[in-house]
Amino acid sequence: MEFGKLQQFLKDEEAARITALRVEEEQTSQMMKEKIEKMTEEISSLSEQIRAIEQELGAEDISFLQSYKDTEGRAQCTLADPEKVSGALIDVAKHLGNLKYRVWEKMLGTISADVSFSVPSAPVTLDPNTAHSLLSLSEDLTSVRYSGENQQVPDNPERFDRRCCVLGSEGFSSGRHCWDVDVGGDENWWVGVAEESISRKGAVNLIPRKGVWCIYHYKGKYKTMTSPTTLLSVQGKLQRVRVQLDWDRGEVSFSDPSDNTPLYTFKHSFTERVFPLFAHNVRGSHLQICPLKVSVTVK
C-alpha cells in the first residue's frame, strides 16, 4: 500500500508536469499565431498598395504626372521589419531542469512532517534557449560541450550568436548563491555571472563594463576578464571552480573548492537580475555543473 502511494504520487506529478507543458505550448502557439496573423494583414495591405501603384505607373503620361505626388507618398513603406519575438520557445529548463531533484523534494514533503532537508542554494542548470549553436548541452542541462558543429536551433533573441556562451536557467536578484563548476583542467573556458540585459548578438565583451564578471583559462594562464586583465595565482591546474554570488553585498567571488583557496572577488552594485554564465570553445572538452550535497534532518 505504501509503494502504491509513492507510485501514484509519481503518476500525478508526471501528469501535472505534462499538463503544465501543454499549457505553455498552447500559450506560445497562440502568441505566435497572433503575430503571424498581424504580419499576414500587413503583407496583404502592402500587396494592395503595390498593385495600385503598378496600375498608376501604367497610366497615361499626363494622368501619371498629375497623380505623381500621391503615388510617391503611397510608395513609401512605413512598416518596420518584423522583430524576433522573445519567449517564443518552450522554456525547456523550467520543465526538465533538475527534474529528479524537484520531484524528490516534493515527494519528501509527503512522507513525514518531521523530516526536513536543506541545500546551500537551488542547483544551477543551463538554459538551452541561450546556448550558442556550436554548444551541445546534456539532457539534464548540467553540462555544456563545444561540439564544433552548428546545431539546428532557431536564432531567437535570447541566444548568443558570436560568443560560445550559455546562461543558467535561473537568475538571481537577491540573496547568496553558490555553485561549483568542473573545468576538468581544460583550456579556453570562461565562468562567472552576467546581467540579464547583456547583449546576446555580435562580439560580446565578457567584461564588467558590459555586465559580465568572470574568470577564464587560456594558454595555461588563469586571468580575470577585466581591462586590463589580472593574472591569478594558481598552483597547477584547476579541476573545479567555485562561484559565490552575494547579490545584496555586490560581490562575485571565485575560489578553488579543493582547498578553499580564494582566486578573485569582483565588487559591483547590482541593479538587475544576474545569471550564471559559461563559455567554452575547445572541441571535445566540457564544463560540468557539480551536484550539490543535500542535508536531511530527522526531528
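In terms of modelled atom types and a separation under 3.5 Å, the side chain of T224 and the main chain of T230 share a donor-acceptor contact. H280 places a side-chain N or O within donor-acceptor distance of the main-chain N or O of N188, the cut-off being under 3.5 Å. For the pair S29 (side chain) and E25 (backbone), a donor-acceptor distance under 3.5 Å is present. The main-chain N or O of A131 is found under 3.5 Å from a side-chain atom of R159 such that the two form a donor-acceptor pair. Between the side chain of N281 and the main chain of C164, no donor-acceptor pair closer than 3.5 Å is present. Proximity of a side-chain donor or acceptor of R200 to a complementary backbone N or O of E158 within less than 3.5 Å is detected. At distances below 3.5 Å, not a single donor-acceptor pair connects side-chain atoms of S44 with backbone N or O atoms of T40. With hydrogens and angles ignored, the 3.5 Å screen pairs no side-chain donor or acceptor of R240 with any backbone N or O of P257. Although no hydrogens or angles enter the test, the distance criterion places a donor-acceptor pair under 3.5 Å between the side chain of D248 and the main chain of G175. The main-chain N or O of G202 is found under 3.5 Å from a side-chain atom of D161 such that the two form a donor-acceptor pair.
Note that the SG atom of C178 and the CG atom of D246 stand 11.5 Å from one another [nearest 0.5 Å]. Between the NZ atom of K38 and the NZ atom of K35 there is a distance of 6.0 Å, given to the nearest 0.5 Å. In this structure, CD on E195 lies 12.0 Å from NZ on K210, to the nearest 0.5 angstrom. In this structure, NZ on K223 lies 10.5 Å from NE2 on H217, to the nearest 0.5 angstrom. Within the model, atoms OG1 of T261 and CG of L232 stand 12.0 Å from one another, a figure rounded to the nearest 0.5 Å.
Between the side chains of N150 and S133, a donor-acceptor pair is found at a separation under 3.5 Å. Judged by distance alone, the side chains of Q30 and E26 never bring a donor and an acceptor atom under 3.5 Å apart. S258 and Q239 share no donor-acceptor pair across their side chains, judged by distance under 3.5 Å alone.
Atom CD of E272 has more than 12 neighbouring heavy atoms from other residues, nucleotides or ligands inside a 6.0 Å radius. Atom CD of Q235 sits in a sparse spot, with 12 or fewer heavy atoms from other residues, nucleotides or ligands closer than 6.0 Å.
Side-chain contact check for C165 versus L206: some heavy-atom pair is nearer than 4.5 Å.
M225 and W189 are assigned to two separate hydrophobic clusters, defined by single-linkage of ILVMFWY side chains at heavy-atom distances under 4.5 Å. Cluster membership for V183 and W213, using ILVMFWY side-chain heavy atoms within less than 4.5 angstrom, is shared.
Aromatic ring orientation, F266 versus F254: perpendicular (interplanar angle above 60°, classes split at 30° and 60°). Between W190 and Y216, the ring planes lie parallel to each other; the angle is under 30°, not in the 30° to 60° tilted range. Ring geometry, H177 versus F172: the interplanar angle falls under 30°, so the pair is classed parallel (tilted spans 30 to 60°).
Remark: D256 pairs with no residue by the salt bridge (Lys or Arg N to Asp or Glu O under 4.0 Å) rule, at least two apart or across chains.
You'll find the ring centres of F278 and W179 outside the 6.0 Å limit.
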